[in-house]
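For reference, the structure discussed in these notes is given below.
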Amino acid sequence: MTAWKNLSLTSQILLAMLAGIALGVLLNIVGNDFIQQYIVNGIFNVIGKIFIAALKMLVVPLVFVSLLGGVTSLGDVKAMGRIGVKALSLYLLTTALAISIAIGLAVSLSPGSAAGLSSNMEFAGKSAPPLSQVLIDIVPNNPIAAMAEGNMLQIIVFALLFGTAITLAGERGKHVLNFFLDLNEVIMKMVLIIMKLAPIGVFCLITKTFAIQGLAIGGDLLGYFLTLIAALLVHASLSYTILLRVLTGLSPLIFLNKMRAVLVFAFSTASSNATIPVTLKTVEEKLGVKNSVASFTVPLGATINMDGTAIMQGVATVFIANVYGIDLGITDFLTVILTATLASIGTAGVPGVGLIMLALVLEQVGLPVEGIALIIGIDRLLDMLRTAVNVTGDAAVTTIIAKSESAFDKEVFKDPAAGVVQPASN
Ligand code: ASP
């Protein structure tokens, strides 16, 4: 027990994840109805859901308050515009790169081509919103409604305007600002409290998922599964590494090492949005990014940047085309890249949203949307993995922008002890 207490929080969370995988797989193999009903869908489900709700509870207040602090410390609308343009360009670039890698790999490995698979299941495709609507929806009719719905882009727009107005309002603005800066400290403490509960939450979430899902993936789906994982790994280990090295000169190994806890959070919640509090805390306290950049680019990234999801769409498109014996040409692939990149802007980072975007992509290239039924059975696990890649992209782009804006503390980045939470400390 003392040995457990002496571990850092990150190590505890990692161990909790591994224990959850082991127990979940075991329960999947030996579990009877009682275990499934009362333990898996009972205890583990309830505790896991409470943990996710607790994380989500902090997202809106944290993003709003932290972004106000960020905007006011920049104190200059031009800097904000510049960061916005850099973020948008890099997020779109990495997503387009991700999906190109995915299509390249999927075309060479050709999963599903030898398949005798047929889809007799139905998939009712919800459609992703058209781009024009996405643009109109960026500005909230009602900021309170935007917060109640957790609409991240609208919250960002309102916070940017509010923060700019605080700066323009001089002395009186400072009173308002001080209140929000204090509130930010308080909310960060709430994040810390929830993070300390993470080993239990992660353990329950992961156990439940693996108890239901198991590890058995049959036949041709294995080809899809492995191709997707290969593409995720290539992107996470090569694209970000090269971008970080070339654009910042920073060590990608330190970056990835410091991202461990964020990755486990993303993996177990399958939601970039729910992970925002942890991503924000990590990039600021462990990677050395100043709040002025992180408070803007992290929530923006959780909403518009989904590299892992784009990779899934690339591989899934090729897989479904192979299964149905439909040939895709270069124009189709370009359409897939464009549609998947743009669709990611309007869809929030929550579990399973990737499949909705996939429906849109398939429609664009004339592939049967019912093909999604083929892969839906193993999507949860893949969702967890791609969410981990999504948040890595958010943090990598945030670090790159912070470095270019001199809103970055290299000492913090290099210090292995920076931001490390000891579970017993406060
Ligand atoms: N779950 C992913 C995320 O939150 C989105 C998806 O691929 O479904 O980033």
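In what follows, residues are counted from 1 in the order of the sequence shown. We count ligands from 1, going down the list as the structure has it; atoms in each ligand are counted the same way. Computed from a predicted structure; not experimentally measured.
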Practice problem: Run through ligand 1 for me and note each protein residue having a heavy atom under 4.0 Å from it, chain first, then residue number. | Solution: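 Its neighbours under 4.0 Å (heavy atoms only) are A270, S271, S272, T309, G349, V350, P351, G352, V353, G354, D383, R386, T387, N390, given by chain and number.
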
Practice problem: For the residue pair N273 and K56, establish whether any side-chain heavy-atom pair is separated by less than 4.5 Å. | Solution: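 A side-chain contact under 4.5 Å is absent here.
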
Quiz item: Side-chain contact, heavy-atom cut-off 4.5 Å: D394 with T297?
Solution: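 When only atoms from C-beta onward are counted, T297 and D394 do not touch, as no gap falls below 4.5 Å.
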
Quiz item: Got a salt bridge between K258 and D415, using NZ or NE/NH1/NH2 to carboxylate O under 4.0 Å?
Solution: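 Looking at D415 together with K258, the answer is no, because their closest N to O distance does not fall below 4.0 Å.
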
Quiz prompt | Salt-bridge contact E405-R82 (side-chain N to carboxylate O under 4.0 Å) | solution =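 Salt bridge: yes.
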
Quiz item: Yes or no on side-chain contact (heavy atoms from CB on, under 4.5 Å) for T207 and I39, after CA distance, side-chain angles and deciding distance?
Solution: CA-CA 10 Å; T207 307; I39 311 281; over 6 Å; no

Exercise. Determine the interplanar angle of the F180 and F162 rings, folded into 0 to 90°, and report it as parallel if under 30°, tilted if 30 to 60°, perpendicular if over 60°.
Key: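 Rings of F180 and F162: perpendicular, as their planes differ by over 60°.
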
